[in-house]
> 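Have a look at the structure that comes next, please.
We name chains A, B, ... by the order of the sequence lines, and we start the count at 1 in each one.
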Amino acid sequence: MLCKFGAHLMKELYPRYNFKESDDKWAKLWDEEKVFHASSKSGQPSYSVVIPPPNVTGILHMGHALNNTLQDIIVRFKRMKGFNTCWMPGTDHAGIATQNVVEKQLAKEGKTRQQIGREAMLKRLWEWKSQYGDTIINQLKKLGASCDWPRSRFTMDEAYSDAVNEVFIWLYEKGLVYRSRYIINWCPRCLTALSDEEAEHKEKKGNLYYIRYPLKDDKNKYVTVATTRPETMLGDTSVAVNPKDPRYKDFIGKKLILPLMEREINIIADEFVDPAFGTGAVKVTPAHDPNDYAMGLRHELEFLNVMYPDAKINENGKHFKGLDRFEARKRIVEELKAKGLLEKIDEHTHSIGHCYRCDTVIEPYLSKQWFVKMKPLAEPALEAVKSGKIKFYPERWTKVYLNWMENIRDWCISRQIWWGHRIPVWYCPQCPEGENIIVSKDNPPKCPRCDSKDIKQDEDVLDTWFSSWLWPFATFGWPQKNKDLDIYYPTTSLFTASEIIFFWVARMIMAGLEFMGDIPFSDVYIHGTVRDAKGRKMSKSLGNAIDPLEIISEYGADSLRFSLIINSGQDLFISKEKFEIGRNFANKIWNASRLILMNTSDYNPGYKISDTEGLSLPSRWIISKFYSTLQKVEEAIEKYRFSEAETMIYDFFWGNFCDWYLEIIKDKWNDENTNNITLYVLGESLKMMSPFIPFVTEEIWSHLNPESGCLSTQNWPSFDKSLIDLEAENRMQSVLNSITNIRNIRADWNIARTNKIKCEVFSSDKDFISLINDNESLLSRLSNCSLELHSGKTGKDIINSASFIIGQSQFIIPLGEFIDVAKERAKKESDLAKLKNNHEALAAKLNNESFLSKAPQEIIDNTKEQLNSLDVHIKELEKLVSILK
RNA sequence: GGGCGGUUAGCUCAGUUUGGUAGAGCACAUGACUUACAUUCAUGUGGCCGUAGGUUCAAGUCCUGCACCGCCCACCA
């Protein structure tokens, strides 16, 4: 399945990584070959994750890209680690969102859903789904998501719908589902109820209107009420004051005339009223406000609905009938003003609920809806988190979850739309209220009580989340018993954003415990929100969104993934340039691999490092560095610290492997040992990097080891503690320091590499000497200038020179030819002053008795050493300054 | 009103679990087209770690207060 590129052909390949070609090639191959399909074989430890199902209407945005890359990293990691790994993909039918999309389509044809009817509308919806429903799935494939695609589920699949019905009936029979008239959040545009979570509250500037309600017995006296929604006064059935409020003591029980409507209403006393707000008197509209509704129940008030479902005033609003609520507000205010009943209008900022789908202002609306009683479900779900069976990462989200669960309220699950799972309830018009409900999984032919065939199914469908909360087990076939459920449930980790905790995470935990008798996952990882560079949420309306697909085509999928994750420690502030780091890194990996493949013979996949005794110091060093990195990367992934893992990979591969190791060995391609080690470290590094940047590593792997199949299915490098060699790391570090020192001097004295200057470097570092002796040109190349190494000689024959001892090396640098003496002297003098300052501070520290008596010996020694080395530096500098004079 | 997060280099952020000489990327400056890579390499400039106290030989790190920014929740009419 893989075409073999001979290593020698790498020369022909682009010096720049061609991500376009390889992104497409590998995404296609992984998909076609079903590389990520889990086998359902038991016996092996399993690792499973369910995708947060994107809406079928979804188009990949940065939030998706982040969320799915995180999952993909750990899933690829676990798969390579040998777990029976299943990442369950699928899409959500997204009730209102999808219906809105198709309604818009209809509107273009000049039709409404009511005109074409329910059946035709559903047909249109399914057509839309089959045409566009896979869009986001294909985009996820472009991202490299290694889902178990053949298992893909949709929340309205037949089997899945079956699970939804089963659950509704289960809860109904337990008495946890009930139907009731209640004030709910109503979207007058979508014409449906919304759950509390679907109401988005936004702070908006508005007005507080002070309206006078005259007393019935004395038209000159009045009570002033304050309201932000004057139009609701049409439905007022009372005015409430606090019983302890002295201002209104004498008014309680008296009658008022409701202006404009000219109805009589009572003044009642209720503790709820805050005397400090407004006038201390509240108009009570039980049918249009949740608080007033509660008061209405307490005082047995009339519930007078004054609006149609589309928020136009109904006949109860008399001459305002037919007006939209905001138009009515204007007219009412005008009329009140004309009658002298409008006392004043204050500016007032308050939070107003908006429909989370269409952003229309929500109307609290009295209607009959289905609810789920949540308290009994919440209790075990609280316990599961309190006991630590389920853990949140980062931990702080635990509190947010617990707090919400402890104050949980019943869940309104019916929606007055058509796209979704129709409520499995039928009503018999023949039977008396209360006994007329038939709950059934299949279409019941007749009423079981009275045998009437004239029964009608509930018109409503269920909240989308009423199906999503079953996702971790319904996707594996529940309520049917089957092997997949046994193997993959409970899943391990769940990845989502914080705003989804209430919508989905909490409900999945409740559902898992109720219907499966077990938690749905043990770890919940909450990642940050993707924002623009100014910290605003990315949104279409703001026009600040960066399209991940655009990034994929401009920078490549690996760049998108890598750049997002390395920035994912907290909320991400993204601008286009941030994706360069990923692109550059992918290109670096590509070119390092080209260098190696162009110069080495074939990769030996069976190669093992058994003994490091005979290996060179750089080899032992890079092996040790690789394994310490591997260990840290594994730990970081297990702790869900992905940005940390990437940083370590980046530092290792670029900072150690490319910048030092390859530079040191790059002209020793005739050494077989070195070649083996180099290829080995490259191969193992590709494996380690594969979960993070799967495309470029896969591409290189196909050149490195074409026979072995996909890199994505290779075994993760096995960590070998015995190959971590701290001695080699330290000794090599000392060598690298020496080279860095030479580079410092070179840059300091502005010695160009083209200047073939004669200067001598003396060193007592044996590793350094042997490394340099091994290869004549190495020192010059590494230090970016032409230097000669002499050991055991002194530089007496060099005239007008300065010698330095830095670390273990002595440097003799010719002066005069390359520098501006005055400038250099000024610079050195200021350096000298700084050093003297430091010297003084350290000396003071070493005179401090409590420091000497209490600080650990190590720190004291360190300080002394610093002081000594400062002494040397200061002397050298003083000498230099005097030469420069 | 309650809760949470943040404040470290010009910018974006690590570092805070377990106190011990302040880190990275970008940007900037200088030098280099060195046969893998200029999407590169080398070197450097740049920080009283938000603020006021406390604990300690030692605080970016632990404790307390405050300020500012951001987010979430809540029934302010």
> Can you tell me which nucleotide in G25(B), C4(B), U43(B) comes closest to the side chain of Lys399(A)?
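Comparing G25(B), C4(B), U43(B) against the side chain of Lys399(A), the answer is C4(B).
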> As a test of reading the structure: which of G44(B), A36(B), G15(B) is closest to the side chain of Arg641(A), going by heavy atoms?
G15(B)
> Taking only residues two or more places apart in sequence, or in another chain, which ones meet Tyr525(A) in a ring-ring contact (aromatic ring centres under 6.0 Å, His included)?
Phe495(A), Tyr640(A), Phe642(A)
> Which part of the nucleic acid, if any, lies within contact of Thr285(A), taking any heavy atom under 4.0 Å across all strands shown: a base, the sugar-phosphate backbone alone, or nothing?
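It contacts nothing in the nucleic acid.
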> Scan Arg743(A) against the nucleic acid and name what it touches under 4.0 Å (heavy atoms): base, sugar-phosphate only, or nothing.
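Here Arg743(A) touches the backbone only, sparing every base.
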> Want to settle it: does Asn848(A) or Glu577(A) sit nearer the 5' end of RNA chain B, counting the closest nucleotide to each?
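Here Glu577(A) is the residue nearer the 5' end.
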> Within the 4.0 Å heavy-atom criterion, would you say Asp659(A) contacts the bases, only the backbone, or no part of the nucleic acid?
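Touches sugar-phosphate only.
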> Nearest whole angstrom, please: distance from the C1' of A27(B) to the CD of Glu580(A).
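Answer to the nearest Å: 12 Å.
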> Report the residues that fulfil salt bridge (Lys or Arg N to Asp or Glu O under 4.0 Å) with Asp236(A), sequence neighbours left out, ordered by chain and then residue number.
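Only Lys283(A) meet the salt bridge (Lys or Arg N to Asp or Glu O under 4.0 Å) criterion with Asp236(A).
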> Ignoring the backbone of Arg16(A), work out which of U39(B), U43(B), A36(B) is nearest its side chain.
U39(B)
> Rounded to whole Å, how long is the line connecting atom NZ of Lys202(A) with atom P of G70(B)?
17 Å
> Just jot down the side chain to side chain donor-acceptor pair (under 3.5 Å) partners of Trp660(A), sequence neighbours excluded, or say none.
none
> Which heavy-atom pair separates Leu564(A) from Leu66(A) by the least distance, and what is that distance?
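Closest heavy-atom pair between Leu564(A) and Leu66(A): CD1-N, 3.7 Å.
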> In plain terms, say whether Arg229(A) and Asp289(A) are close enough for a salt bridge, that is, a side-chain N and a carboxylate O under 4.0 Å apart.
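Salt bridge between Arg229(A) and Asp289(A), a charged N being under 4.0 Å from a carboxylate O: yes.
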> May I ask you to decide if the ring planes of Phe562(A) and Phe585(A) are parallel, tilted or perpendicular, using 30° and 60° as cut-offs?
tilted
> If you check every side-chain atom of Arg594(A), which of A42(B), C57(B), C37(B) has the closest atom?
C37(B)
> Got a sec, which residues hit side chain to side chain donor-acceptor pair (under 3.5 Å) with Glu343(A), two or more places apart in sequence or on another chain?
Arg212(A), Thr224(A)
> In whole Å, I'd like the distance from the CD atom of Glu395(A) to the C1' atom of U16(B).
15 Å
> I want to check something: taking the side chain as every heavy atom from C-beta on, are Phe19(A) and Val696(A) in contact at a cut-off of under 4.5 Å?
no
> Got a sec, which residues hit side chain to side chain donor-acceptor pair (under 3.5 Å) with Gln733(A), two or more places apart in sequence or on another chain?
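Asn737(A).
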> Using the P atom on both, measure C11(B) against G50(B) and round to a whole Å.
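Roughly 14 Å separates the two P atoms.
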> Taking only residues two or more places apart in sequence, or in another chain, which ones meet Glu577(A) in a salt bridge (Lys or Arg N to Asp or Glu O under 4.0 Å)?
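Salt bridge (Lys or Arg N to Asp or Glu O under 4.0 Å) check on Glu577(A) returns nothing, list empty.
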> Does Asn591(A) place a side-chain N or O at less than 4.0 Å from the phosphate oxygens OP1/OP2 of U39(B)?
no
> What's the gap between U7(B) and A14(B) when it is taken at their P atoms, as a whole Å value?
7 Å
> Quantified in whole Å, what is the P atom distance between nucleotide U45(B) and nucleotide G25(B)?
15 Å
> Can you check the distance between G15(B) and C76(B), where both ends of the measurement are the P atom (answer in whole Å)?
37 Å
> Which whole-number value in Å describes the distance from Lys576(A) NZ to U39(B) C1'?
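Distance, rounded to whole Å: 15 Å.
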> Using a 4.0 Å heavy-atom cut-off, write out nucleotides 72-77 of chain B from 5' to 3' as B (base contacted by protein), S (sugar-phosphate only) or - (no contact).
-S-BSB
> What residues, two or more places apart in sequence or in another chain, satisfy salt bridge (Lys or Arg N to Asp or Glu O under 4.0 Å) together with Lys666(A)?
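Counting only residues at least two positions away or on another chain, Lys666(A) forms a salt bridge (Lys or Arg N to Asp or Glu O under 4.0 Å) with Glu663(A).
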> How many Å lie between NZ on Lys639(A) and P on U17(B), as a whole number?
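So the two atoms are 13 Å apart, to the nearest Å.
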> Which residues satisfy the side chain to side chain donor-acceptor pair (under 3.5 Å) test with His350(A), sequence neighbours excluded?
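His350(A) satisfies side chain to side chain donor-acceptor pair (under 3.5 Å) with no residue once adjacent residues are dropped.
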> Tabulated below should be each protein N or O lying under 3.5 Å from an N or O of nucleotides 5-9 of chain B; please produce it.
none

> When you compare C71(B) with A77(B), how far apart are their C1' atoms, in angstrom units rounded to a whole number?
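Result for the C1' pair: 26 Å, nearest Å.
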> Could you tell me how far apart Asp651(A) (CG) and G15(B) (P) are, to the nearest whole angstrom?
14 Å
> Could you write out RNA chain B as a dot-bracket string, with dots for unpaired bases, | for bases paired across to another strand, and Watson-Crick or G-U pairs counted at under 3.5 Å?
((((((((.[[[[.)....(..]]]].(((((.......))))).....[[[[[..)....]]]]])))))))....
> If the C1' atom of U12(B) is compared with that of G47(B), how far apart are they to the nearest Å?
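Comparing C1' positions in U12(B) and G47(B) gives a spacing of 16 Å.
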> Where does the angle between the aromatic ring planes of Phe251(A) and Tyr248(A) fall among parallel (under 30°), tilted (30 to 60°) and perpendicular (over 60°)?
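Because their plane-to-plane angle is over 60°, the rings of Phe251(A) and Tyr248(A) count as perpendicular.
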> Can you see if the side chain of Trp654(A) gets near the phosphate of C41(B) - specifically, an N or O under 4.0 Å from OP1 or OP2?
yes
> Please measure how far the C1' atom in A58(B) lies from the corresponding atom in U18(B), and state the result in whole Å.
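Comparing C1' positions in A58(B) and U18(B) gives a spacing of 16 Å.
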> Given the C1' atoms of C62(B) and U16(B), what is the spacing between them in whole Å?
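Here C62(B) and U16(B) have their C1' atoms 9 Å from each other.
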> Mind checking if Lys578(A) touches a base, just sugar-phosphate, or nothing, with heavy atoms under 4.0 Å?
sugar-phosphate
> Give the rounded distance in Å between these two atoms: CZ of Phe657(A) and P of A36(B).
14 Å
> So, using salt bridge (Lys or Arg N to Asp or Glu O under 4.0 Å) as the criterion, who are the partners of Lys344(A) when residues are at least two apart?
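Testing Lys344(A) for salt bridge (Lys or Arg N to Asp or Glu O under 4.0 Å), a comparison that skips the adjacent residues, returns Asp346(A).
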> Starting at atom CZ of Arg583(A), determine the distance to atom C1' of A38(B), rounded to an integer number of angstrom.
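Answer to the nearest Å: 11 Å.
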